[in-house]
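Comments concern the structure below.
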Amino acid sequence: MRRLFQLIYQYRAFFIFLLMEVISGWLVINHNDYISASYFNSSSTFAGNIYENKQAVQDYFQLAEVNKNLVEENERLRNRLAVDSLKIDSDSAAIPFELSGQYEFITGKVVNNSVHRFRNYFTLNKGSEDGIEEGMGVINPNGVVGKIKSVSNNFSTAYSALHSSLLISVLIDETETLCTANWSGENPTEISLEYVPRHIKVQEGMEVISSGYDAIFPQGVKLGTVKNVEINEEATFYEIEVALSADFFNLDYVYVIGNKLKQEKDSLEQELQTEYEQ
């Protein structure tokens with residue numbers, strides 16, 4: 001403490017000068033309107049930049065939570081639209097699948113995923129306690145993703161669209177041609193179309209969407225875009241490759257689709273099948 005007092009005493013003239021400068025500056029700022037406005041504008045800008053950078057850092061680390069909240073909000077909106085659409089006269093308006101009252105949407109997060117196997121699967125953090133059932137379709141904002149395979153209380157596994165045994169009923173949108181999409185096991189960004197007859201005019205760039213015939217996906221969910229079209233001279237069907245709209249390397253949040261009328265539809269079709277076999 002003694003040395004501190006000695007230092008202050010030794011440089012007393014310098015400290016007095018600094019004090020007088022501060023007092024002078026304060027008096028000038030408080031008694032000159034132009035300088036006062038300039039000072040406070042500058043200080044506000046400086047402080048604003050600091051707070052803006054601080055908020056940017058905080059926002060970055062909160063992106064996961066913000067994304068989760070947005071997906072949950074989308075889930076609520078989709079289900080709200082599904083309820084409200086029951087009031088719409090379907091004879092006077094074309095109702096897209098988001099507005100179809102027979103579907104409900106459950107948000108799930110992909111916690112495990114494979115893309116390089118011949119039969120690929122992914123795991124969701126939602127299970128039977130959240131309303132997930134076997135056979136439900138899975139989509140994300142970009143398009144078709146897969147189909148629920150098995151369910152536990154809190155988790156579920158699903159066939160990826162990149163699964164050689166998963167057949168997806170689809171339409172070539174422009175021609176309304178019904179066909180089947182099936183992964184060949186090679187390129188994780190492409191899927192093959194089967195049973196497209198050669199008399200259909202198919203071109204690159206045409207969109208491929210779900211047909212709705214399998215009661216798993218509503219009609220109109222995008223699968224991808226036709227990338228390559230080939231046909232042999234003696235072949236009956238085209239060889240078509242479709243560029244998938246969903247990015248299977250970066251699956252995050254998805255929507256599991258529940259069809260409220262699927263059981264009724266399956267029951268009726270089973271009765272017809274039983275009668276046919278007799």
Side-chain angles (χ1 to χ4, degrees), residues 55-82 96-100 103-166 168 170 181 183 185-191 207-210 216-218 220-225 227 242-259:
Q55 188 63 44
V57 173
Q58 291 177 341
D59 290 345
Y60 176 79
F61 288 103
Q62 294 174 354
L63 284 177
E65 183 65 23
V66 171
N67 190 32
K68 179 175 179 292
N69 292 335
L70 287 174
V71 172
E72 290 177 349
E73 182 179 7
N74 284 339
E75 176 187 1
R76 291 192 295 271
L77 290 173
R78 285 177 180 269
N79 286 310
R80 178 63 181 273
L81 287 172
F97 77 87
E98 297 92 358
L99 300 179
S100 177
Y103 296 100
E104 59 183 354
F105 301 86
I106 303 170
T107 302
K109 180 175 175 57
V110 177
V111 295
N112 191 25
N113 180 38
S114 65
V115 295
H116 296 296
R117 301 174 183 173
F118 195 64
R119 297 180 177 89
N120 292 290
Y121 299 88
F122 57 87
T123 304
L124 302 180
N125 66 344
K126 295 290 180 72
S128 58
E129 292 186 357
D130 304 289
I132 307 295
E133 298 178 0
E134 294 181 12
M136 285 183 168
V138 185
I139 66 172
N140 71 2
N142 295 320
V144 173
V145 173
K147 175 185 173 183
I148 298 296
K149 175 185 180 291
S150 57
V151 181
S152 65
N153 288 339
N154 299 297
F155 294 92
S156 54
T157 58
Y159 297 104
S160 169
L162 306 179
H163 191 291
S164 60
S165 299
L166 182 61
I168 304 172
V170 294
W183 191 53
E186 298 178 359
N187 189 340
T189 66
E190 298 178 359
I191 196 168
E207 287 194 354
V208 179
I209 60 174
S210 59
I216 298 174
F217 302 101
V221 183
K222 187 174 181 180
L223 177 71
T225 305
K227 181 179 181 180
V242 173
L244 289 163
S245 56
D247 182 0
F248 287 85
F249 290 94
N250 296 292
L251 291 182
D252 191 3
Y253 286 97
V254 296
Y255 298 107
V256 182
I257 304 175
N259 184 349

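Excluded from the calculations below are hydrogen atoms, water molecules and symmetry mates; all remaining heavy atoms, backbone and side chain alike, are included. The first residue in the sequence is number 1, and the count goes up from there.
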Quick check: closest heavy atoms across [X] and [Y], and the distance to 0.1 Å?
X	Y	answer
I191	W183	CG1-N, 3.6 Å
F248	V115	O-CG1, 3.2 Å
A246	V145	CB-CG2, 4.4 Å
V151	I132	CG1-O, 3.7 Å
V221	G143	CG1-C, 4.0 Å
I148	E134	CG2-CA, 3.9 Å

Going by heavy atoms in the side chains, are [X] and [Y] under 4.5 Å from each other?
X	Y	value
L124	V110	yes
Y159	S165	no
F122	K149	no
D252	K109	yes

Spacing of [atom1] belonging to [X] relative to [atom2] belonging to [Y], to within rounding of 0.5 Å:
X	Y	atom1	atom2	answer
T189	D247	OG1	CG	9.0 Å
L166	K147	CG	NZ	6.5 Å
T107	N140	OG1	CG	12.0 Å
E133	N259	CD	CG	11.0 Å
F118	E186	CZ	CD	8.5 Å

Is the side chain of [X] donor-acceptor paired with the backbone N or O of [Y] at a distance under 3.5 Å, no angle test?
X	Y	result
S164	R119	no
K126	S156	no
N112	T123	no
N120	S160	no

Exercise for the section: Would you please say whether a donor-acceptor pair under 3.5 Å links the side chains of S245 and N142? Expected result: no
Handout entry: Audit row: Y255, V138, side-chain contact (heavy atoms from CB on, under 4.5 Å) steps and yes/no
Key = CA-CA 6 Å; Y255 298 107; V138 185; over 6 Å; no
Exercise for the section: Please report the C-alpha distance between L162 and L244 in whole Å, then the side-chain angles of each, then the deciding distance to 0.1 Å, and finally whether the side-chain contact (heavy atoms from CB on, under 4.5 Å) criterion is met. Expected result: CA-CA 10 Å; L162 306 179; L244 289 163; 3.6 Å; yes
Practice task
Would you please test F155 and T157 for side-chain contact (heavy atoms from CB on, under 4.5 Å) and show each step?
Solution key: CA-CA 7 Å; F155 294 92; T157 58; over 6 Å; no
